[in-house]
Student: 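Just dropping this structure here.
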Amino acid sequence: MATHHLTPLHRAALEVVAAHAGVPLDTLKVDVPPNPSMGDLAVACHPIAKATKQNPMAIAKAIADAFVPTDLLASATAAGPFVNFRANRPALLRWVIEQALGNTLVPAVGTGKTICIDYSSPNISKELAFHHIRSTGIGHALAQIFRALDYQVVGINHLGDWGTTHGMLIAAYQQWGKEDKIDLAQLDIAQLNELYVRWRDHTNPLKHEAAGKWMAAIVAGGDAAEVARAALAKEVERCALATNVARDWFKKLEHGDPEARALWDRFRAVSWAEFEGVYDKLGITFELVRGESAYEPDLADVMAELRAKQLVETSEGAQVVWLPDQKVPVIVEKSDGASTYATRDFASAKYRHATYQFDRSIYVVDRGQALHFSQVFGMLEKAGYAWAKQCEHVTFGLVRMGGKKTSTRGGAGVMLKAVLAEAKARALAKMAEADSPAAQLPLVNGVPLAEQVGIGAVLTVVVAMVTGTESFSVVKALQLTGLVACIVGLKLVH
RNA sequence: GCGCCCAUAGUUCAGUGGAUAGAACACUCGCCUUCUAAGCGAGUAGUCGCAGGUUCGAUUCCUGCUGGGCGCACCA
């Protein structure tokens, strides 16, 4: 047990037991008794019993009998193999108040250390879906905690603004933009999102209107099956061609094609304006907003480096890196020569280390990305960077609403804006219904109280649910009881 | 098929190598001079998935099994 973070009270209890038994401090630990009436702190004597081959109950009794009150400890009693201590309340309270006033209640364990935290990192050109609040909220909470511990925190928003997805958007705009009379000057994120979803459907053979009939016919067999099979094959081929069109657009973008670049710039600006509004509402901030595209100039160097270190092989036309104990290699360059996000994350990790000399670099990303991050960290290690061990992937599970996933891939996403609006509306209704005096308070920091309460509740619940199969509902979040109510209350005070 | 994660109260989730495993919601009862709601108080609630192992002691650590989630090369 790390003894350097102990409060004087904990240390005092440990010292009493350790001194009497003649064992080092760090072999013992302090617990809280199951019942407050038993005492404030408990030290178990089992480790001493093990070391000295004595009866733990006898040891505890001997220590309690020999106890002499100290500045901080008022009494000691033996309870089975435990020594239970009661604190000297006035002395303890004085200590707590002094620490609180001096703002030293939280140990400054991070002084002089830098920590990079990658969170939120949404994809440009898609609306912020509800699930984005997980990474955003957890990352921001971690950042605040590390700041309180006196770390220098670099909150990073690694925008997904590069890659084939953006080729898809350009392709979709080329395909439908004109006929739909999409005005680039008036473009909004909903339209971009729609283009994206439409393109994904456009390149998915199973989304063809006749796909259901074909599948049925194939299952039924006979001559009709042959016809259906041919039609499906044709559709698959068309989708493959369309997919290549998107890949080509991304390649053009990577090579600086002016038309591709201009569209991408516009899509990016529209998206960022939208994101900023939401972050503002949530009270989320970043030290660095740097998209994947910013690493594009580094990619050639990364490839050269990986090749120089003889890590790259050609496999099925793509450039790949094999990692130990992995059945599938990491693709660092696609067969058409375009980059992948593994390469870009490799470059961004190097950038972060070069720029901030971080002691830790944390990525707050859902656990579906676990393989990806283990690959990126693995490549860094294989490339000889010792600091790869200081990189960590902080995972969390998917958010479910009503038992369903909230992914945007299929276009059935739940929008973050909608959830926040609902939270606000419900908070407002709740206040009015309870005839609460709070409803009379018009603004807190210029924002309607209901909005603060609603957002606070949603953020708190979303950050609190870290493991397992989460299920979220706004109604639940707004059951302002217990912990949630306390935290929301604190948020309002600040 | 392979890999990673998870399994605790009716539900959603905490938690720990040690003493009686917790909270919220739900449910039941009571209080707030009438009813309802909100509020407050109390109560009921558990084979800690199953089976072995390590240990003085396992819900916690290890192995196997079962059940669920996610991921497995040119999306990010």
Side-chain angles (χ1 to χ4, degrees), chain A residues 29 31-35 38-39 42-47 49-50 53 55-57 60 78-82 84 121-126 158-169 196 199-200 203-204 243-244 246-247 250 291-292 313-322 325-345 365-375 393 395-398 400 403 405 407-409 430-436 461 464-473 475-486:
Chain A
K29 62 180 272 200
D31 287 309
V32 177
N35 187 326
M38 299 169 80
V43 179
C45 296
H46 304 90
K50 194 166 197 172
K53 309 260 183 239
N55 182 338
M57 297 206 234
F82 294 86
N84 292 335
S121 305
N123 279 343
I124 286 293
S125 305
K126 287 195 239 170
H158 184 69
L159 291 176
D161 64 356
W162 209 240
T164 310
T165 303
H166 305 281
M168 291 183 204
L169 269 153
Y196 173 77
W199 183 264
R200 286 210 67 103
T203 54
N204 181 352
T243 301
N244 280 334
R247 290 204 183 114
F250 175 56
E292 287 186 273
E313 286 174 36
T314 303
S315 170
E316 295 174 33
Q319 301 300 300
V320 304
V321 173
W322 283 95
D325 304 321
Q326 300 263 348
K327 304 225 159 124
V328 180
V330 188
I331 294 185
V332 289
E333 194 179 283
K334 298 190 286 184
S335 46
D336 66 359
S339 66
T340 72
Y341 81 139
T343 327
R344 296 191 286 274
D345 274 358
V365 184
D366 80 89
R367 63 170 78 104
Q369 305 285 326
L371 179 61
H372 166 67
F373 283 106
S374 78
Q375 287 175 336
H393 178 200
T395 63
F396 53 85
L398 291 168
R400 280 155 194 283
K405 283 206 263 180
S407 118
T408 42
R409 279 283 160 78
K430 194 148 195 159
M431 286 167 164
E433 159 198 307
D435 198 18
S436 159
V461 169
M465 312 184 303
V466 177
T467 57
T469 49
E470 299 80 8
S471 194
F472 175 87
S473 84
V475 178
K476 256 190 193 169
L478 281 170
Q479 284 164 346
L480 293 176
T481 52
L483 180 67
V484 174
C486 286

Student: Measure CZ/Phe250(A) against C1'/rA76(B) and give the value in whole Å, please.
Tutor: 11 Å

Student: Kindly point out which of rC75(B), rA19(B), rA73(B) is positioned nearest to the side chain of Asn84(A)?
Tutor: rA19(B)

Student: Under 4.0 Å between any heavy atoms, over every strand shown, what does Gly80(A) touch: base, sugar-phosphate, or nothing? Just pick one.
Tutor: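 Here Gly80(A) touches no strand at all.
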
Student: Once you round it to whole Å, what is the distance between P of rG71(B) and CG of Leu371(A)?
Tutor: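 For the pair Leu371(A) CG and rG71(B) P, the rounded distance is 11 Å.
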
Student: Of all the heavy-atom pairs spanning Phe396(A) and Val365(A), show the shortest one and how long it is.
Tutor: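 Closest approach of Phe396(A) to Val365(A): CE2-C, 3.5 Å.
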
Student: Is the phosphate of rA76(B) approached by Arg344(A) (side-chain N or O, under 4.0 Å from OP1 or OP2)?
Tutor: yes

Student: Whole Å only: how far is the CG atom of Asn204(A) from the C1' atom of rC75(B)?
Tutor: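 Whole-Å distance recorded here is 13 Å.
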
Student: Write down the distance separating the P atoms in rA7(B) and rA14(B), rounded off to the nearest Å.
Tutor: 8 Å

Student: Which one, rA19(B), rA73(B), rC75(B), comes nearest to the side chain of Thr165(A)?
Tutor: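 Of the candidates, rC75(B) comes closest.
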
Student: Of the candidate nucleotides rA19(B), rA73(B), rC75(B), which contains the atom at the shortest distance from the side chain of Ala79(A)?
Tutor: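 Nucleotide nearest to Ala79(A)'s side chain: rA19(B).
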
Student: Which of the following nucleotides, rA73(B), rC72(B), rC75(B), is nearest to the side chain of Glu316(A)?
Tutor: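 Selected nucleotide: rA73(B).
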
Student: Decide whether Ser339(A) and Glu333(A) meet the rule of one side-chain donor and one side-chain acceptor closer than 3.5 Å.
Tutor: no

Student: Mind checking the CZ-CG spacing from Arg344(A) to Asp161(A)? Nearest 0.5 Å is all I need.
Tutor: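 Here the rounded value is 9.0 Å.
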
Student: Glu333(A) or Ala42(A): which one's nearest nucleotide on RNA chain B is closer to the 5' end?
Tutor: Ala42(A)

Student: Between rA9(B) and rG46(B), how far apart are the P atoms? Round to whole Å, please.
Tutor: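 Comparing P positions in rG46(B) and rA9(B) gives a spacing of 10 Å.
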
Student: Is it true that a side-chain atom of His166(A) and a backbone atom of Gly160(A) form a donor plus acceptor pair closer than 3.5 Å?
Tutor: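 Yes, the answer is positive, given that a donor and an acceptor are paired below the 3.5 Å cut-off.
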
Student: On a whole-Å scale, what distance lies between the C1' atoms belonging to rG68(B) and rG49(B)?
Tutor: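 Going atom to atom, C1' in each nucleotide, I get 11 Å.
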
Student: For RNA chain B, list all stems, counting runs of three or more consecutive pairs where every pair is Watson-Crick or G-U wobble with both distances under 3.5 Å.
Tutor: B:1-7 with B:66-72, B:10-13 with B:22-25, B:27-31 with B:39-43, B:49-53 with B:61-65

Student: Rounded to the nearest Å, what distance is computed from the CZ atom of residue Arg367(A) to the P atom of nucleotide rA76(B)?
Tutor: 23 Å

Student: Reading RNA chain B from 5' onward, which residue's closest nucleotide shows up sooner: His46(A) or Lys327(A)?
Tutor: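 Its nearest nucleotide lies further toward 5', so the answer is Lys327(A).
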
Student: Do Asp345(A) and His372(A) pair up side chain to side chain, a donor and an acceptor below 3.5 Å, judged on atom types alone?
Tutor: yes

Student: Measure distances between side-chain N and O atoms of Gln369(A) and base N and O atoms of rA76(B), and say whether any donor-acceptor pair falls under 3.5 Å.
Tutor: yes

Student: Between rU54(B) and rU63(B), how far apart are the C1' atoms? Round to whole Å, please.
Tutor: 11 Å

Student: Separation of Lys126(A) atom NZ from rA76(B) atom P, in whole Å?
Tutor: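 Distance, rounded to whole Å: 10 Å.
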
Student: I'd like the C1' distance from rU12(B) over to rC6(B), given in whole Å.
Tutor: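 Taking atom C1' in both rC6(B) and rU12(B), they lie 15 Å apart.
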
Student: Does any part of the side chain of Lys327(A), heavy atoms only, come nearer than 4.5 Å to the side chain of Trp322(A), both counted from C-beta?
Tutor: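 SC-SC contact between Trp322(A) and Lys327(A) ruled out.
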
Student: Tell me the interatomic distance from Phe396(A), atom CZ, to rG69(B), atom C1', rounded to whole angstroms.
Tutor: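 Roughly 15 Å, once rounded to whole Å.
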
Student: Sequence neighbours excluded, which residues qualify as side-chain contact (heavy atoms from CB on, under 4.5 Å) partners of Ala338(A)?
Tutor: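 Ala338(A): side-chain contact (heavy atoms from CB on, under 4.5 Å) contacts with Phe250(A), Lys251(A), Glu254(A), Lys334(A), Asp336(A).
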
Student: Within the structure, does a side-chain N or O atom of Thr164(A) lie under 4.0 Å from either OP1 or OP2 of rA76(B)?
Tutor: yes

Student: Hey, does Tyr196(A) have a side-chain heavy atom less than 4.5 Å from the side chain of Thr165(A)?
Tutor: yes

Student: From CG of Asp345(A) over to C1' of rC75(B), roughly how many Å is that when rounded to an integer?
Tutor: 13 Å

Student: Using the C1' atom as the reference point in each nucleotide, state the distance between rC61(B) and rU28(B) in Å, no decimals.
Tutor: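 Taking atom C1' in both rC61(B) and rU28(B), they lie 41 Å apart.
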
Student: How about Tyr341(A) and His158(A): are their ring centres within less than 6.0 Å of each other?
Tutor: no

Student: Using the P atom as the reference point in each nucleotide, state the distance between rC31(B) and rA37(B) in Å, no decimals.
Tutor: 15 Å

Student: Roughly how many Å apart are rU60(B) and rG53(B), using the P atom of each and rounding to a whole number?
Tutor: 14 Å

Student: So, does the side chain of Ser315(A) form a donor-acceptor pair with the base of rA73(B) at under 3.5 Å?
Tutor: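 Indeed there is one.
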
Student: What is the nucleic acid contact for Ala318(A), judged by heavy atoms within less than 4.0 Å: base, sugar-phosphate only, or nothing?
Tutor: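 Base contact.
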
Student: Nearest to the side chain of Val320(A), which nucleotide is it out of rC75(B), rA73(B), rG71(B)?
Tutor: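 Of rC75(B), rA73(B), rG71(B), rA73(B) is nearest to the side chain of Val320(A).
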
Student: Over all strands shown, is Gly160(A) touching base, sugar-phosphate only, or nothing at heavy-atom distances under 4.0 angstrom?
Tutor: nothing

Student: How long is the line joining CZ of Phe373(A) and P of rC5(B), in whole Å?
Tutor: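 That distance rounds to 17 Å.
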
